[in-house]
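Keep in mind that what you see is a predicted model, and the values were worked out from it rather than measured. Residue numbers begin at 1 in each chain, while the letters A, B, ... track the order of the sequences.
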2 protein chains.
Amino acid sequence: MSPFFEPVITSSDKIFTALRADIVAGHVKAGVKLSEAELSTKYGVSRAVIREAINRLANTSLVERKPNIGARVVTLSHEGLVQLYQVREALEGMAARLAATNMSDAEIQDLHALMRSHSQEVKGGETYYQEAGDVDFHYRVVLGSHNQPLISMLTNNIYHLVRMYRVQLGMAGPRVTTAFAEHQQIVQAITNRDGELAEILMRRHILYSKNNIEAKLNRSAATNTEEIK
Amino acid sequence: MSPFFEPVITSSDKIFTALRADIVAGHVKAGVKLSEAELSTKYGVSRAVIREAINRLANTSLVERKPNIGARVVTLSHEGLVQLYQVREALEGMAARLAATNMSDAEIQDLHALMRSHSQEVKGGETYYQEAGDVDFHYRVVLGSHNQPLISMLTNNIYHLVRMYRVQLGMAGPRVTTAFAEHQQIVQAITNRDGELAEILMRRHILYSKNNIEAKLNRSAATNTEEIK
DNA sequence: ATGGCCTATATTGTCGACAATATTTAAAGG
DNA sequence: CCTTTAAATATTGTCGACAATATAGGCCAT
């Protein structure tokens, strides 16, 4: 009867989402062991659902699991960031190119609407943009590729890791407005059905983003080593 | 004591591998439902390990799982093939480029040794080549990229799907020798540390492979529709 | 005191049973 | 005869307990 799709939420889904949010936010710190018994009592569910959630986290590369030993939260590293963004640049660049040819006119209209809404937020100086808006933009473009394996890899594996770096490094700097401008350029290229340009712009946009994060990562690494001394 | 790394094999690992082999080989046909109870009795293990194996198959895109309903073996389609190879071309092309700069001299020597061994097999006309040798070659190059997210996505998600198409369509035609020649060219480019060329050659190699499979897929689709009539 | 071994403890892997949800079957009404 | 509804069945989701493996701590020998 209901015209809306009602997603079935299982217990594991909730635990998985909750744990993922904690890990991405750095609430559960890198290298920490995820004890099944402990989490079981904490969340008030059986170990079975905890296990399933942890397995899903492992498939998202947010935790590393070893048989008979357990699962630990992944540790962010400079090398990891570089490798991650190398792949992300290739995949999202491709997504932008495909989106330029595969998105329907309606989808493109929706994208424009999203940009207008983001525009308001940027003017208002809200931090919301970097948190969800940016993800939302990229998410839309990825979906616009209409390529299922590509969508799956980006949304299930890469995005949450990317978010983890950004959130934990507290990315909310002056790049907000310039990133918005870059987004607009990409939307324009897609609107013009210029896949080649869309890919170039997207790759460059992601490269800038990487450089931005890299700088911050180096700074925080420097202070950390000082603290150790 | 043993100098070799001994991988820990859990029950789920065995079931996962067994099921995957059956699915890839087409022993379990597309669209068939994977009943937990049934598989539990068939393999003589508890439903828990079956569930875990099925979850892992779902993460490999070999089965589709819906909450409270169950898991079904994915159905191969022309569109699926095109999308899969689109992504594969980008990722493995990138892997070849990275391998050209990141592989150690020792790794490259090993790669040459592999090619010599394949050369023998091709001359002997063995079918082994297409089954494992080809995979082995691509596998080595992917590992040579030294990019962990890339390695993970290709080996865990894409390869088995690709193998599924090839195995089920009975790919063992005259392309064997020409594919071998293409492999050698790629190895040469990597040896010369020419990443750009390695990427171009790899992408083209995969494109040829796709065209080959596509042709066969169309033929079998044609006969299938006739059978229906 | 230190290093290696062995027991004790804790943690993960596996199992069978129960609960919640979907599917099938049958009955009733039109 | 077909559609709709409701009970019956089957399947997946969740749970707590036991088995197998890893970790920690103490004991012994040197």
Establish, with yes or no, whether the OP1 or OP2 oxygen of dG16(C) is under 4.0 angstrom from a side-chain nitrogen or oxygen of S46(B).
no
Map S35(B) and G44(A) onto DNA chain D by nearest heavy atom, then report which one ends up closer to the 5' terminus.
S35(B)
Nearest-nucleotide check on DNA chain C, E36(A) vs V45(B); residue mapping nearer the 5' end is E36(A)
Can you check the K14(B) NZ to dT14(C) C1' distance for me, whole Å?
12 Å
Quick one: do R203(B) and E199(B) make a salt bridge, cutoff under 4.0 Å?
yes
Consider only side-chain N and O atoms of E107(A) and H146(A), and report whether a donor and an acceptor are under 3.5 Å apart.
yes
For a quick test of reading the model: is some side-chain N or O of T10(A) closer than 4.0 Å to OP1 or OP2 of dT14(D)?
yes
Hey, do the aromatic rings of H183(B) and H118(B) have their centres closer than 6.0 Å?
no
Separation of dT12(D) P from N68(B) CG (nearest whole Å):
10 Å
Whole-Å distance separating the CZ atom of R65(B) from the P atom of dA22(C):
14 Å
Sugar-phosphate, base or nothing in reach of I15(A), heavy atoms under 4.0 Å:
nothing
Can you tell me how far C1' of dG13(C) sits from CD1 of I54(A), to the nearest Å?
13 Å
Between atom CZ in R51(B) and atom C1' in dT11(D), what is the gap in whole Å?
10 Å
Between R140(B) and D110(B), is there a salt bridge with N-O shorter than 4.0 Å?
no
Heavy-atom distance under 4.5 Å between the side chains of H205(A) and M202(A), does that happen here?
yes
Phosphate OP1/OP2 of dT14(C) contacted by S12(B) side-chain N/O (<4.0 Å)
yes
How would you label the contact of I9(B) with the nucleic acid (heavy atoms, under 4.0 Å): base, sugar-phosphate, or nothing?
nothing
Just the rounded figure in Å: distance from P of dG13(C) to CD1 of I69(A).
9 Å
Atom CG of D13(A) and atom C1' of dT21(C): how far apart are they, to the nearest Å?
15 Å
Between K33(A) and dT11(C), is there a side-chain N or O to OP1/OP2 distance below 4.0 Å?
no
Atom NZ of K66(A) to atom P of dA20(D): distance rounded to whole Å?
25 Å
